[in-house]
Amino acid sequence: MRSTTSFKPVFALADVNSMYCSCERALRPDLRDTPIVVLSNNDGCVIAQTREIEALGIEMAQPWFEVEEQARALGVVAFSSNYELYANFSNRFAETLRQFTPFVEVYSIDECFLDLTGMRVDLEAYGRQIKETVLQWTTLPICVGIGHTKTLAKLANKVAKKQERFEGVCDFTSMSETELDRLFAGIAVDKVWGVGRRYAERLARLGVENVLRLKRASPKRVRDEFGVVLERTVKELNGEVWLDLQDGPPPSKQVMSSRSFGARVTTLPALQEAISFHAGNAAARMRKQQLYANAVHVFIQNSPFDQAPPFGPSMTVALPAPTDCTIKITEVALWLLKRMYKAGIYYQKAGVMLMELVPAEGQQVDLFGYASSIPKSKALMTTLDGINKKYGRGTARLASEGIKQSWTMRREMMSPNYTAWAGMPVVGSKLVP
Ligand SMILES: [Mg+2]
């Protein structure tokens with residue numbers, strides 16, 4: 001994607017502040033200054049909250065019944081989650097960003113990466129313009145982080161959010177190395193994209209507690225201790241681009257499966273196969289982590305490189321009860337696809353995202369038996385995963401995924417997969433007389 005000119009790459013990350021709560025506020029301007037929480041399906045626990053809530057001693061993931069009385073006394077207004085509404089605003093948000101560059105990667109429901117490489121603008125001022133336009137057009141408050149790599153843009157966004165002097169826009173590209181290093185020395189290492197709490201603990205034992213230390217760490221040593229992913233992070237912190245749009249660790253609390261098509265796809269049946277594939281793939285990955293999904297999100301889009309107006313609808317629906325069943329999830333994903341599909345579009349990409357993941361253990365009782373309405377669903381999924389683990393991904397799958405999968409990625413130049421039977425080189429075919 002990147003052009004061959006010598007521009008230094010520039011990425012921006014736009015992130016909505018308290019997304020779910022801001023969407024609720026969009027329709028209730030009277031609550032602009034009221035603390036808000038949003039609750040998970042069946043009003044189980046707090047999954048989103050506005051800034052003021054932390055000060056009130058209410059924490060994320062806390063069961064609502066534990067804090068309800070105290071919260072109401074403090075004037076907190078609670079909403080049940082409305083994923084359809086949030087997805088709608090998410091679309092408006094991404095759509096607005098596309099006014100500023102066609103190269104927008106929707107990373108999660110409330111985060112988009114923008115590729116601003118080669119733009120002859122004052123980047124910080126451009127960031128402010130993006131922020132103001134999104135606020136004006138969608139009412140959503142956002143922060144913008146700008147840097148020469150995605151990892152830096154993500155970090156800049158964190159800074160923009162936390163340090164008030166930046167007023168919501170932080171541009172690392174306009175700061176000197178000394179300024180940046182001073183800033184990095186004051187940021188805990190777990191704030192870096194892809195450095196989880198577990199890595200952070202191990203890094204701390206090696207004396208790497210802040211971002212500056214990680215930036216200055218020897219990439220080779222980091223690779224030996226932690227692997228190539230963290231090595232790449234160190235290089236990205238130093239301004240070396242390793243992640244392009246569409247690359248990077250997946251957002252937390254979500255599982256996404258998406259891919260560009262090998263050739264443009266126009267028909268509904270081909271899209272249905274692709275969406276089925278991604279639904280199955282995402283569900284399997286979710287089961288591996290022993291999680292259940294509360295909502296399903298589907299998107300389809302044409303290419304920013306085609307000479308056609310951008311078309312990229314997405315929809316989200318909340319499930320009646322959390323589930324990890326491929327059949328249920330595929331059913332919902334296909335239903336969403338049907339509602340979005342428009343003929344005459346040259347689709348370039350499609351994907352399925354499973355959202356609001358919760359631990360499989362301790363699920364609330366599902367009064368209407370939704371999750372268990374498919375007989376032996378649990379055993380079926382275990383068998384499905386078992387077969388695919390033993391014989392390779394996709395060995396057993398739903399028929400709706402299709403057999404030929406003509407929409408798959410172009411991989412004509414891929415080396416044979418020597419580790420699978422199908423990829424074994426054939427030495428002679430006349431062995432059997
Ligand atoms: Mg956000």
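When a ligand or atom number is given, it counts from 1 through the structure's own listing order.
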Check: Judged by modelled atom types alone, do Thr326 and Arg287 share a side-chain donor-acceptor pair under 3.5 Å?
Finding: yes

Notebook entry, point to check: Got more than 12 heavy atoms from elsewhere within 6.0 Å of CD, Glu179?
Noted result: yes

Margin query: I'd like to know whether Glu111 forms a side-chain hydrogen bond (donor to acceptor under 3.5 Å, both in side chains) with Ser108, so could you lay out the CA-CA distance, the side-chain angles of the two residues, the decisive distance to 0.1 Å, and finally the verdict.
Written below: CA-CA 5 Å; Glu111 290 168 278; Ser108 71; 2.9 Å; yes

Note to self: Within the 3.5 Å criterion, strictly below it, is a donor on Glu66 or Trp64 matched to an acceptor on the partner's side chain?
What the structure shows: no

Next item on the list: Please examine the side chains of Tyr20 and Phe79, heavy atoms only from C-beta on, and report whether any two atoms are closer than 4.5 Å.
Entry: no

Check: At distances under 2.8 Å, what protein N, O or S atoms surround the Mg ion (ligand 1)?
Finding: Asp15 OD1, Val16 O, Asp110 OD2

Next item on the list: Carefully, step by step, assess Glu236 and Arg232 under the rule salt bridge (Lys or Arg N to Asp or Glu O under 4.0 Å).
Entry: CA-CA 6 Å; Glu236 283 238 325; Arg232 226 180 274 165; over 6 Å; no

